[in-house]
There are 2 protein chains.
Amino acid sequence: MTAAPDGPADRAPSRPVRTRRGRGPGDARRPVYDAGSLVTVAVAEFNTRGYDATSMEDLSRAAGISKSSFYNHVSGKEELLRAALQRALDGLFGILEERAAQNGPPLERLLHIVRRQVEVLTSELPYVTLLLRVRGNTDTERWALARRRAFDATVASLVADAISEGQVRATVQPWLAARLLSGAVNSITEWYRPGRAGAENLPDDVVRMVSGGILPSA
Amino acid sequence: MTAAPDGPADRAPSRPVRTRRGRGPGDARRPVYDAGSLVTVAVAEFNTRGYDATSMEDLSRAAGISKSSFYNHVSGKEELLRAALQRALDGLFGILEERAAQNGPPLERLLHIVRRQVEVLTSELPYVTLLLRVRGNTDTERWALARRRAFDATVASLVADAISEGQVRATVQPWLAARLLSGAVNSITEWYRPGRAGAENLPDDVVRMVSGGILPSA
DNA sequence: GTCTATAAGGAGATAGAC
DNA sequence: GTCTATCTCCTTATAGAC
């Protein structure tokens, strides 16, 4: 699973976020900003206030530098958005590349994807959160929306396969099952926080509920 | 159920939206704007572009009048937002007032609420969609978020009751069931459109899936 | 009620000194 | 790399004529 190399991105730092550019032993005394750590800062701000409501001034203040210094590292607001959405999409599409997502009976592949989707969602929380809130105002946003739709379509066709092969009971239309499945899984971004008590076995819990019911009759 | 008195709010009108102020037979020749129809227009724009990305210029253009004429009817952007969110919240909290939501075994009350929530979601689609996207940047947004949380908390405590009374099998923690339940139901706003084929029995279908599983083993 | 014109401030982004 | 100062455009909102 992809870990967050920049550290927790869910908390806006109170001090400047700097990463070290090591050049050898004894020479690591010049901490500098890099584009990666600024993306981390920006994503946290975007998720707090919303992308459109977050100004470059907000971002530079959160990073602890002036607005024009901030521009020395990134070309603009949209570049930050794109980098963040790229990371979220890489995490999600990476799941589809996994062997367990490509081989075996549809239902098993599907449940593997669901389980892994929950894992990526929690490990890449700020990035996926941002992705799920994109509206489509710019080219970058429309690109992300299209990629997201492609991911959902893959899952939906797997749901259809699992039903047509008789592994899943067809209680409703396949597309509706796929929609509610995605809706339930994606909604995790709205409340999950790292270290949240009771969420240690979230992937298994989610799989159990989509299989056996969220409110199964006793 | 509350019907939309202002007509379909999901389509931005190409011509000015006017409502008639009747003063008697033969005197209905002066169509005027009213705050209600402007809210309808505004909500459609907010849902298309996002609240923050929608300017008063956008709104007035969608209504077919100039920006300053628009200001003659509403005090500002936030008033429009508040009116829309109020309507969404009224729809949701109205459910909790219904007899079937207040009397009987917890599971039956819960399933009634789910069914009705799907109905309100679809009948008041643009308003609820807007509500579910609110981030919390202004007092109005924070008020809406708090009210929404209160609604969710009511549902969550009903889930807990249904489990502790043995009507629902406790496969996971009650709060997790409640979260996924809300997530699945609320996600309907992301794809449902009035008249959508296959969604004629949406409330029943949703109840069936949360009870028996979205992907029940055959 | 509607309009044009404009005020007042905030936005993204750049210039150029240090 | 960082800063202050500034440009230009867009935003909310109002003034005042018709």
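The chains referred to below are lettered A, B, ... by the order of the sequence lines, with proteins before strands, and numbering in each begins at 1. Predicted model only: the values in this text are computed from it and were never measured. Because only heavy atoms are used, hydrogens play no part in the values below, and waters and symmetry mates are left out as well, while side chains stay in.
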Nucleotide [N], atom [atom2] - distance to [atom1] of [X] in whole Å:
X     : N      : atom1 : atom2 : result
B:L80 : D:dA13 : CG    : C1'   : 14 Å
B:R61 : D:dC10 : CZ    : P     : 12 Å
A:L59 : C:dG10 : CG    : C1'   : 15 Å
A:E78 : C:dA13 : CD    : P     : 9 Å
A:Y71 : D:dC7  : OH    : P     : 17 Å
A:H73 : C:dG12 : NE2   : P     : 18 Å
B:E57 : C:dT4  : CD    : C1'   : 12 Å

Charged N to carboxylate O under 4.0 angstrom, B:R148 versus A:E190?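 Yes, this pair counts.
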Do the charged groups of B:D152 and B:R149 touch, with an N to O distance under 4.0 Å?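 The answer is no: the pair does not qualify as a salt bridge.
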Nearest to the side chain of [X], which nucleotide is it out of [options]?
X     : options               : value
A:N72 : D:dA13, C:dT2, D:dG1  : D:dG1
B:S68 : D:dA13, C:dG12, C:dT4 : C:dT4
A:K67 : D:dT11, C:dG12, D:dT4 : C:dG12

Note to self: Heavy atoms only, 4.0 Å cut-off, all strands: where does A:S69 land among base, sugar-phosphate and nothing?
What the structure shows: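 Base contact.
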Exercise. Looking across every strand, which nucleic acid part, if any, lies under 4.0 Å from A:T54 by heavy atom: base, sugar-phosphate, or nothing?
Worked result: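 Here A:T54 touches the backbone only, sparing every base.
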A:R133 and its side chain to side chain contact (heavy atoms under 4.5 Å, CB included) partner, picked from A:L130, A:T129, A:L131
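Result for side chain to side chain contact (heavy atoms under 4.5 Å, CB included) with A:R133: A:T129.
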Check your understanding: Do the side chains of A:W191 and A:R196 get nearer than 4.5 Å, heavy atoms only?
Key ->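 Yes, at least one pair of side-chain atoms sits under 4.5 Å.
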